[in-house]
Number of protein chains: 2
Amino acid sequence: MARTPAKRPHRKRPGQYHHGDLQRAMLEQALRTIQTDGVETLTLRAVGEQLGVSRTALYRHFSDKQALLAAVGREGFRRLRIALTAAWDEHGRGRPGFEAMGVAYVRFAAAHPAYYRVMFGRFVESCSKDAAFVEEAGAAFRVLVDSIVEQQRAGLVRPDDPSILARFVWSVVHGMAMLIIDGQLRGVDTGGDALTHYAAGRVRDAIRADA
Amino acid sequence: MARTPAKRPHRKRPGQYHHGDLQRAMLEQALRTIQTDGVETLTLRAVGEQLGVSRTALYRHFSDKQALLAAVGREGFRRLRIALTAAWDEHGRGRPGFEAMGVAYVRFAAAHPAYYRVMFGRFVESCSKDAAFVEEAGAAFRVLVDSIVEQQRAGLVRPDDPSILARFVWSVVHGMAMLIIDGQLRGVDTGGDALTHYAAGRVRDAIRADA
DNA sequence: ACCTGAACACCGTTCAAGT
DNA sequence: ACCTGAACACCGTTCAAGT
């Protein structure tokens, strides 16, 4: 998976007044905080403080806290889409590629749980007003739909409506991702590897053309 | 589905000092608020105020806000389990019964989204310390596992490890439930009926013994 | 045993003022 | 244009005191 190095956003020098690229720095700082401490403990005050900037400086660059979170979620969907495309391409754009996509999806969620929580769940309601967020989420979903259409053309997948088929597969990976993130599999299959592998086989049987 | 009438918890009379059954009243009031306004807007202060009681009275009955939410989630799992058992029993404890369980699961989530959000997602971490919560969640899961074992004995379902098979099915319904609740299907299949119906057929093919 | 009221340490957000 | 500082209206939680 393409991993962007977690470079720390620079603190403002005490002397200078302007930060430089405060918008970007705030997004990165929010990301770091969310990844280490979770979304629920993210405060605008702390973000400002860690950048050596007033706690209200954020409002010059984001309309409010929700807008900051929408930007985080949007970045998450971008990374997820890249991970999915890479898996699909690198494994031959067929059944193995499709399975690799599923694995990549679950791994992304397991590796960036806080990220994933911002992308889905409870913020989405307010994020749905953010056009860029919706667009990025749609782009990620389209990778899945396209891969299904391509497999249907190759006679690998049953010729049902691709978008409902995609929503079914999405449900499976999303469900696994959430169960893993919420620690619902803790103890029996913490990372969800056994489940992911098993589900890959079941989904293959569920959607194959030659059933 | 068995629906408990949403009887409003009684306000304390201004004159009297003791409320009576404040613990129960607070749980019910929290439920009402969550169902109408969502979890994120639930405040202990409002709960107290609506019951005509001081905003700190709650601490006599719950250790903190998390404990209140754990009690809500626990009640949610109880109702979900009852709905699942009813669907399974009333449709013949076979393939139709299993499909009815799946439908009942998704319907429960769609009908009580805020409930479902408390049961899963982000609170679970702290709820996992609450023994009663964990027990109730386990009981609901066991209904699913038992139904799978029963179908395996009848030769209807492939003889894989029942618990991993159950986790796969759980992922499917949980994934659908979350997508519906988060409004991710809004516009195309808002209530998720088309998806639920389609998924039922796919899951049947995925887990059938005579594949 | 059960509840209150004031107090504490937090929030997000606004707005006039500074640079 | 960008940032600050004080202020406002909220939170959850603690704790001594009342009934």
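All figures in this text were calculated on a predicted structure; none of them were measured in a lab.
- A distance-only check finds a donor-acceptor pair linking the side chain of B/Q152 to the backbone of B/D160 [under 3.5 Å].
- Atom CG of A/L22 is separated from atom P of D/dT4 by 8 Å (rounded to the nearest Å).
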Pairwise N/O distances under 3.5 Å, protein to nucleotides 12-15 of chain C:
{"residue": "C/dG12", "atom": "OP1", "partner": "A/L44", "partner atom": "N", "Å": "3.3"}
{"residue": "C/dG12", "atom": "OP1", "partner": "A/K65", "partner atom": "NZ", "Å": "3.1"}
{"residue": "C/dG12", "atom": "OP2", "partner": "A/L44", "partner atom": "N", "Å": "3.3"}
{"residue": "C/dG12", "atom": "N7", "partner": "A/R45", "partner atom": "NH1", "Å": "2.3"}
{"residue": "C/dG12", "atom": "O6", "partner": "A/R45", "partner atom": "NH1", "Å": "3.4"}
{"residue": "C/dT13", "atom": "OP2", "partner": "A/Y59", "partner atom": "OH", "Å": "2.8"}
{"residue": "C/dT13", "atom": "OP2", "partner": "A/K65", "partner atom": "N", "Å": "3.1"}
{"residue": "C/dT13", "atom": "O5'", "partner": "A/Y59", "partner atom": "OH", "Å": "3.0"}

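- Between B/E49 atom CD and C/dT4 atom P the separation is 12 Å, expressed in whole Å.
- One can place CG of A/L68 at 15 Å from C1' of C/dC11, the figure rounded to the nearest angstrom.
- Looking only at atom types and distance, the side chain of A/D64 has no donor-acceptor partner in the side chain of A/Y59 under 3.5 Å away.
- At least one cation-pi condition fails for B/R117 and B/Y115: the charged atom is not both under 6.0 angstrom from the six-membered ring centre and inside a 45 degree cone around its axis.
- Taking side-chain N and O atoms only, B/H61 has no distance below 4.0 Å to OP1 or OP2 of C/dA1.
- Between the side chain of B/K65 and the backbone N or O of B/T43, no donor-acceptor pair lies under 3.5 Å.
- Under 3.5 Å, the side chains of A/R167 and A/S163 contain a donor-acceptor pair of N or O atoms.
- For A/R81, the salt bridge (Lys or Arg N to Asp or Glu O under 4.0 Å) test picks out A/E136, with sequence neighbours left out.
- If you take CZ of B/F62 and P of C/dC3, they are 12 Å apart, rounded to a whole angstrom.
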Dot-bracket line, read 5' to 3' along DNA chain C, where crossing pairs take [ ] and | marks a partner on another strand, Watson-Crick or G-U under 3.5 Å:
||.|||||...|||||.||
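- The aromatic rings of B/H174 and B/Y116 sit tilted, their planes meeting at an angle between 30° and 60°.
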